[in-house]
Amino acid sequence: MQIEIIDSHTGGEPTRVVLAGWPFPEGATLAEQREYLATHQDHLRRGVILEPRGSDVIVGALLVPPTDDRHCTGMIFFNNDGVLGMCGHGTIGVVETLRHLGRIKTGRSTIETPVGVITVDLEENGNVTLTNVESYLDQTDVEVTTPSFGRVSGDIAWGGNWFYLVHEADNAPEVTFENRDILTDFTTEIRRELDKSGVRGRDGHKVDHVEVFGPPSVEGATSKNYVLCPGNAYDRSPCGTGTSAKLAMLYSHGKIKQEERLVQESITGSTFTGWVTIEDGKIIPHISGRAHITAQAALLFDEDDPFCWGIV
Ligand code: PYC
């Protein structure tokens with residue numbers, strides 16, 4: 001068996017787009033297809049994402065036919081832990097992959113995801129602006145006490161995935177690349193405490209991404225972030241859904257206005273530019289960045305290989 005893929009990275013964060021060889025999941029909607037993938041095709045997710053073919057950092061995107069042919073494609077994201085709702089850096093990676101294949105034109109296109117339809121604007125130079133699903137602030141000043149770092153306070157917001165946005169902590173590590181391991185410990189403890197206290201997003205889903213902020217180090221940036229993803233890897237990019245959640249939080253607190261630009265720097269020094277518009281009273285984030293292709297390959301699966309479906 002073989003699965004055809006194209007790899008790219010967006011601000012340092014890899015995306016592996018699956019083009020062929022993976023049977024389309026069953027379901028009338030993308031949400032149903034994501035459920036089918038999680039239930040019946042988890043071995044494929046593991047085989048494509050985990051070692052020995054992949055790594056904890058890669059986000060996969062399975063391209064599926066759109067349920068409405070006005071849309072350019074459907075896409076279902078997954079990572080080392082399971083399936084994802086949306087993925088901002090991954091969307092930019094998918095668009096760059098489609099551009100590489102000559103399957104998308106510059107200008108505006110729409111793409112279906114399990115959490116809604118998003119819009120992408122592709123420029124001649126490869127820059128992509130994605131208009132995300134509605135994002136919102138869900139809970140404010142949620143406090144947890146971590147065993148090693150003391151008291152932490154933050155807001156919970158939806159940006160296509162669930163985020164805990166740290167705004168105050170007794171002993172938060174500084175947000176620097178050198179501190180990435182201790183930032184992983186810090187955010188993992190926060191997520192564990194949130195889960196233990198039964199804190200959930202309004203749809204009952206676990207709050208599985210944690211975002212911490214610090215002063216920027218690249219010129220023109222507004223802030224630098226560290227984002228813990230569900231499978232314990234940290235996002236090398238500024239995180240499209242995390243930046244969307246942050247924009248929704250800032251707008252709801254009256255700290256930014258419509259169309260006001262925020263340049264979010266990642267822990268690796270890459271940046272996304274983001275802003276919000278208000279449409280029918282809903283906060284709609286826009287995230288702009290670009291991806292680069294790194295590989296085009298066929299992954300080979302041999303049933304006799306004890307690690308055929310990944311090292312778990
Ligand atoms: O860019 O939205 C994002 C994302 C989610 C997880 C990793 N990257």
Side-chain angles (χ1 to χ4, degrees), residues 9-15 57 59 77 79 84-95 111 113 115-116 118-121 127-138 154-167 175 183 187 201 207-218 220-230 233-253 255-279 282-291:
H9 80 85
T10 312
E13 179 77 351
T15 306
V57 191
V59 170
F77 290 110
N79 70 359
L84 289 166
M86 232 300 277
C87 181
H89 93 268
T91 300
I92 297 170
V94 165
V95 173
I111 301 182
T113 82
V115 294
I118 58 149
T119 303
V120 291
D121 284 284
N127 198 64
V128 177
T129 298
L130 88 94
T131 299
N132 200 356
V133 293
E134 178 190 6
S135 298
Y136 50 87
L137 175 62
D138 191 42
D155 290 350
I156 294 174
W158 170 258
N161 291 301
W162 282 107
F163 287 82
Y164 181 78
L165 308 167
V166 175
H167 58 60
V175 179
L183 283 162
T187 48
V207 178
D208 50 9
H209 295 69
V210 179
E211 191 166 352
V212 195
F213 305 99
S217 41
V218 303
T222 323
S223 113
K224 191 204 291 249
N225 69 6
Y226 167 96
V227 182
L228 179 76
C229 298
Y234 64 88
D235 199 329
R236 275 65 172 161
S237 83
C239 193
T241 50
T243 302
S244 298
K246 176 179 175 174
L247 287 163
M249 178 273 286
L250 290 174
Y251 183 80
S252 302
H253 285 312
K255 290 190 177 158
I256 55 165
K257 298 196 232 14
Q258 267 200 77
E259 310 262 3
E260 184 176 333
R261 268 36 179 184
L262 174 137
V263 179
Q264 183 63 61
E265 180 184 340
S266 74
I267 196 75
T268 64
S270 55
T271 56
F272 285 161
T273 301
W275 63 97
V276 298
T277 51
I278 305 302
E279 290 162 32
K282 297 178 180 154
I283 304 174
I284 306 294
H286 306 262
I287 305 291
S288 186
R290 81 156 296 190

Given side chains that start at C-beta, do those of Thr91 and Val128 come closer than 4.5 Å, heavy atoms only?
no

Please round to the nearest 0.5 Å and tell me the distance separating atom CD1 of Ile118 and atom OG of Ser244.
10.0 Å

What heavy-atom pair brings Val57 and Tyr234 nearest, and what distance separates the two atoms?
CG1-O, 4.5 Å

Does either side chain, that of Ser217 or that of Glu265, offer a donor lying less than 3.5 Å from an acceptor on the other one?
yes

Taking Asn161 for the side chain and Gly85 for the main chain, is one N or O donor matched with an acceptor at less than 3.5 Å?
yes

Do Trp158 and Leu137 come within less than 4.5 Å of each other through their side chains, counting heavy atoms only?
no

With rounding to the nearest 0.5 angstrom, report the SG to CD distance, Cys239 to Glu211.
6.0 Å

Can you confirm whether the side chains of His286 and Asp121 place a donor and an acceptor under 3.5 Å from each other?
no

Distance in Å, Arg261 CZ paired with Thr273 OG1, rounded so as to fall on 0.5 Å steps:
8.0 Å

Going by heavy atoms in the side chains, are Val94 and Phe77 under 4.5 Å from each other?
yes

Would you check if the side chain of Tyr164 reaches a backbone N or O of Gly154 as a donor-acceptor pair within less than 3.5 Å?
yes

Evaluate the side-chain proximity of Glu259 to Thr277: yes if any heavy-atom separation is below 4.5 Å, no if none is.
yes

Looking only at heavy atoms, which two atoms of Val59 and Cys87 are closest? And how far apart?
CG1-SG, 3.9 Å

What's the verdict on side-chain contact (heavy atoms from CB on, under 4.5 Å) for Phe163 and Val210, showing C-alpha distance, side-chain angles and the deciding distance?
CA-CA 5 Å; Phe163 287 82; Val210 179; over 6 Å; no

Does Ile284 reach the side chain of Val276, with side-chain heavy atoms less than 4.5 Å apart?
no

Quick one: does His9's side chain have a donor or acceptor within less than 3.5 Å of a partner on Ala291's backbone?
no

So how far is it from Leu130 CG to Ile287 CD1, rounded to the nearest 0.5 Å?
6.0 Å

Quick one: are Trp275 and Thr129 in side-chain contact, heavy atoms under 4.5 Å?
yes

Working for side-chain contact (heavy atoms from CB on, under 4.5 Å), residues Val212 and Leu228:
CA-CA 9 Å; Val212 195; Leu228 179 76; over 6 Å; no

Looking only at the side chains, is there a donor atom on one of Ser288 and Asn127 sitting less than 3.5 Å from an acceptor on the other?
yes

Is a donor on one side and an acceptor on the other found under 3.5 Å between the side chain of Thr222 and the backbone of Val263?
yes

Partners meeting side chain to side chain contact (heavy atoms under 4.5 Å, CB included) with Pro230 (sequence neighbours left out)
Asn79, Asp81, Leu84, Asp208, His209

As an exercise, state the distance from CZ of Phe272 to OG of Ser237, rounded to the nearest 0.5 Å.
4.0 Å

If you define the side chain from C-beta out and look only at heavy atoms, does anything of Asn225 sit under 4.5 Å from Ile267?
no

Taking every non-hydrogen atom, the tightest pair across Ser135 and Gly159
OG-CA, 3.4 Å

Without swapping roles, check the side chain of Thr268 against the backbone of Arg236 for a donor-acceptor pair under 3.5 Å.
yes

Any heavy-atom pair between the side chains of Ile283 and Leu247 that's under 4.5 Å?
no

Who are the side chain to side chain contact (heavy atoms under 4.5 Å, CB included) partners of Ser223, not counting sequence neighbours?
Phe213, Lys246, Gln264

Rounded to the nearest 0.5 Å, how far does OG1 of Thr15 lie from CD1 of Ile92?
9.0 Å

Please confirm whether the backbone N or O of Gly11 pairs with a side-chain atom of Ser270, one donor and one acceptor, at under 3.5 Å?
yes

Checking Gln258 side chain against Ile278 main chain: does a donor-acceptor pair fall under 3.5 Å?
yes

Under 3.5 Å: donor-acceptor pair, side chain of Asp235, backbone of Val227:
no

